Protein chains: 2
Amino acid sequence: MRKLTSTNYYNQTFLEEKCTLNELINLLSKRWLTEVMFSIEEGNNRFSTLKEDLKHISDNILADRLKLLEQHKLIIRNDNFREVPSRVEYTLSETGAKLSELLDGLCHFSETEMEFPE
Amino acid sequence: MRKLTSTNYYNQTFLEEKCTLNELINLLSKRWLTEVMFSIEEGNNRFSTLKEDLKHISDNILADRLKLLEQHKLIIRNDNFREVPSRVEYTLSETGAKLSELLDGLCHFSETEMEFPE
DNA sequence: GTTTCGGCTCATTTATATAGGAGCTACTCA
DNA sequence: TGAGTAGCTCCTATATAAATGAGCCGAAAC
């Protein structure tokens, strides 16, 4: 899917190898990703309630972001298949909670110290 | 240049208005931007030395990132036009230094707590 | 007087991210 | 039997970001 021979790709991996901060920022910059995390933190733990909470997100993006968050172990996916009807439930992991705290700090900074032009 | 009627644009501004963290992350996610900032912090204060330090960056991207950083008052651009030859010099602003500290925190988190798959 | 250097700008091409919309599976409820 | 819901997947279209490469302006060194 992704072209592995482009300069674009080369530069991205170069930066990610230089410092994993770049990898983290790359992840965080996927649209809706932090909002999905925060929404889960606030207790919206199902696909449908998340979708409702984040009004404008589309299904495939929400599915993708949940997958990304799970792959990076920031959230945990519980498939309660023994319940009927079976339902999937998401919760924040410990790592996810720590990240959320750090982001709160960044958020505070951005609201009090940053100036966004125009 | 940017299309103002797309859902893409609408969603981005929706998120930015919801919380300026999204705006900050958007800025930080521009490739090379944090590296340019760090490089200036380390004393590379000229276009040409930055270009040399960040081997693979191209001119127009470097110019753009410097402009962005300046617009957001994270760096300061000094045009010493009375010197001969006139030269431009960049330094980190106070806000920039604070941001850099916060990013150090994130960096530490990302190196010690994050797991990046594959 | 022409070449060199610093610090850029601009137009075009290439690559990637986001959105839209159809559809699928397992289950339940009427 | 047929419709409805949750939690997705896949394909395509659209929008945006990054890279390439040429070029420009003023000063200065040869």
Side-chain angles (χ1 to χ4, degrees), chain A residues 1-16 22 25-33 35-36 40 44-52 54-70 75 77-90, chain B residues 1-16 22 25-33 35-36 40 44-52 54-70 75 77-90:
Chain A
M1 184 118 281
R2 178 149 198 189
K3 195 173 174 188
L4 305 178
T5 58
S6 63
T7 307
N8 191 322
Y9 177 74
Y10 174 83
N11 280 347
Q12 185 179 328
T13 54
F14 168 78
L15 290 172
E16 289 180 349
N22 286 307
I25 289 178
N26 242 342
L27 179 68
L28 297 176
S29 73
K30 304 274 175 195
R31 193 175 292 173
W32 300 103
L33 189 129
E35 297 298 331
V36 171
I40 290 173
N44 299 302
N45 52 13
R46 304 186 58 185
F47 194 92
S48 46
T49 55
L50 285 166
K51 204 179 131 161
E52 204 177 329
L54 307 169
K55 293 191 199 72
H56 307 292
I57 199 170
S58 49
D59 288 16
N60 62 345
I61 299 287
L62 177 54
D64 178 73
R65 298 315 184 243
L66 287 169
K67 203 171 289 174
L68 277 173
L69 286 166
E70 194 200 353
I75 63 173
R77 181 185 192 275
N78 292 305
D79 196 337
N80 302 330
F81 51 85
R82 51 181 61 220
E83 268 184 51
V84 167
S86 90
R87 59 210 203 80
V88 179
E89 204 178 278
Y90 297 97
Chain B
M1 185 119 279
R2 177 149 199 188
K3 194 171 175 189
L4 303 178
T5 58
S6 63
T7 308
N8 192 324
Y9 176 75
Y10 174 82
N11 280 347
Q12 185 180 327
T13 55
F14 168 78
L15 290 173
E16 289 180 350
N22 286 307
I25 288 179
N26 241 343
L27 178 67
L28 296 177
S29 73
K30 304 274 176 196
R31 193 173 293 173
W32 301 104
L33 189 129
E35 298 298 331
V36 171
I40 290 173
N44 299 301
N45 52 13
R46 304 186 57 186
F47 194 93
S48 46
T49 56
L50 286 165
K51 205 180 134 165
E52 204 177 328
L54 306 169
K55 292 191 199 73
H56 307 293
I57 199 170
S58 51
D59 288 17
N60 62 341
I61 300 286
L62 177 53
D64 179 73
R65 299 316 183 243
L66 287 169
K67 203 171 289 174
L68 278 172
L69 286 167
E70 194 199 352
I75 62 173
R77 180 183 192 277
N78 292 304
D79 197 336
N80 303 329
F81 51 84
R82 50 181 65 220
E83 268 184 53
V84 168
S86 89
R87 58 210 203 81
V88 179
E89 205 179 276
Y90 297 97

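Proteins get letters first, then strands, A, B, ... in listed order; numbering begins at 1 in each. Note that the structure is predicted; figures quoted are calculated from it, not measured.
At whole-Å resolution of the value, CG in B:L33 and C1' in D:dA17 are 14 Å apart. A straight line from CG of B:L50 to P of C:dC5 spans 19 Å, rounded to a whole angstrom. Summarising the geometry, the separation between CG on B:L68 and C1' on D:dA17 is reported as 12 Å, rounded to the nearest angstrom. Between B:R65 atom CZ and C:dC8 atom P the separation is 15 Å, expressed in whole Å. In this structure, CG of A:L62 is placed 10 Å from P of D:dG7, rounded to the nearest angstrom. As a whole-Å value, the separation of B:E89 CD from C:dG7 P is 10 Å. With rounding to whole Å, A:R87 atom CZ is found 21 Å from C:dA26 atom P. At whole-Å resolution of the value, CG in B:N8 and P in C:dA17 are 13 Å apart.
A:T7 comes within 4.0 angstrom of sugar-phosphate atoms only, judged by non-hydrogen atoms across all strands, and of no base. Within 4.0 Å of A:Y90, counting heavy atoms only, lie sugar-phosphate atoms of the nucleic acid but no base atom. When heavy atoms are screened at a 4.0 angstrom cut-off, A:K30 is found touching the sugar-phosphate backbone but no base atom.
Under 4.0 angstrom from either OP1 or OP2 of D:dA18 there lies no side-chain N or O belonging to B:W32. An OP1 or OP2 oxygen of C:dC8 is reached within less than 4.0 angstrom by a side-chain nitrogen or oxygen of B:R77. At C:dT9, one or more side-chain N or O atoms of B:K67 fall inside 4.0 Å of OP1 or OP2 (strictly under the cut-off). Side-chain nitrogen and oxygen atoms of A:R2 include at least one within less than 4.0 Å of the OP1 or OP2 phosphate oxygen of C:dT16. Applying the 4.0 Å criterion to OP1 and OP2 of C:dT18, one finds that A:S58 has every side-chain N and O outside that range. A close approach under 4.0 Å does not occur between any side-chain nitrogen or oxygen of B:R31 and OP1 or OP2 of D:dA17. Note on A:S48: a side-chain N or O is less than 4.0 Å away from OP1 or OP2 of D:dG7.
Looking at which nucleotide of DNA chain C each of A:Y9 and A:I57 is closest to, the 5′-most match is held by A:Y9. Mapping B:Q12 and B:N60 onto DNA chain C by nearest heavy atom places B:N60 closer to the 5' end of the strand. Where B:I61 and A:A63 meet DNA chain D, the nucleotide closest to each residue was compared, and A:A63 sits on the side nearer the 5' end.
In terms of modelled atom types and a separation under 3.5 Å, the side chain of B:R31 and the main chain of A:N8 share a donor-acceptor contact. Formation of a donor-acceptor pair under 3.5 Å by the B:R77 side chain with backbone atoms of B:K67 is not found in this model.
Between the two ends of the helix from C:dG1-D:dC30 to C:dA30-D:dT1, each summarised by a five-pair axis, the helix axis turns through 10° (rounded to 10 degrees).
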Task: From CA spacing to verdict: side chain to side chain contact (heavy atoms under 4.5 Å, CB included), A:L62, A:F47 - done: CA-CA 8 Å; A:L62 177 54; A:F47 194 92; 4.0 Å; yes
- [ ] Show your reasoning for whether side chain to side chain contact (heavy atoms under 4.5 Å, CB included) applies to B:I40 and B:V36.
- [x] CA-CA 6 Å; B:I40 290 173; B:V36 171; 4.1 Å; yes
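In this structure, CG in A:N26 is found 11.0 Å from CG in A:L33, a value given to the nearest 0.5 Å.
Under the 30°/60° scheme for interplanar angles, the aromatic rings of A:W32 and B:F14 are found to be tilted.
Residues B:L28 and A:L28 are not in side-chain contact: their nearest non-hydrogen atoms beyond the backbone lie 4.5 Å or more apart.
Remark: the B:N11 side chain and the C:dT18 base include no donor-acceptor N/O pair separated by less than 3.5 Å. Side-chain N/O atoms of A:D59 and base N/O atoms of C:dG20 include no donor-acceptor pair closer than 3.5 Å.
Judged purely by distance below 3.5 Å, without hydrogens or angles, the side chains of A:E52 and A:N44 never pair a donor atom with an acceptor atom.
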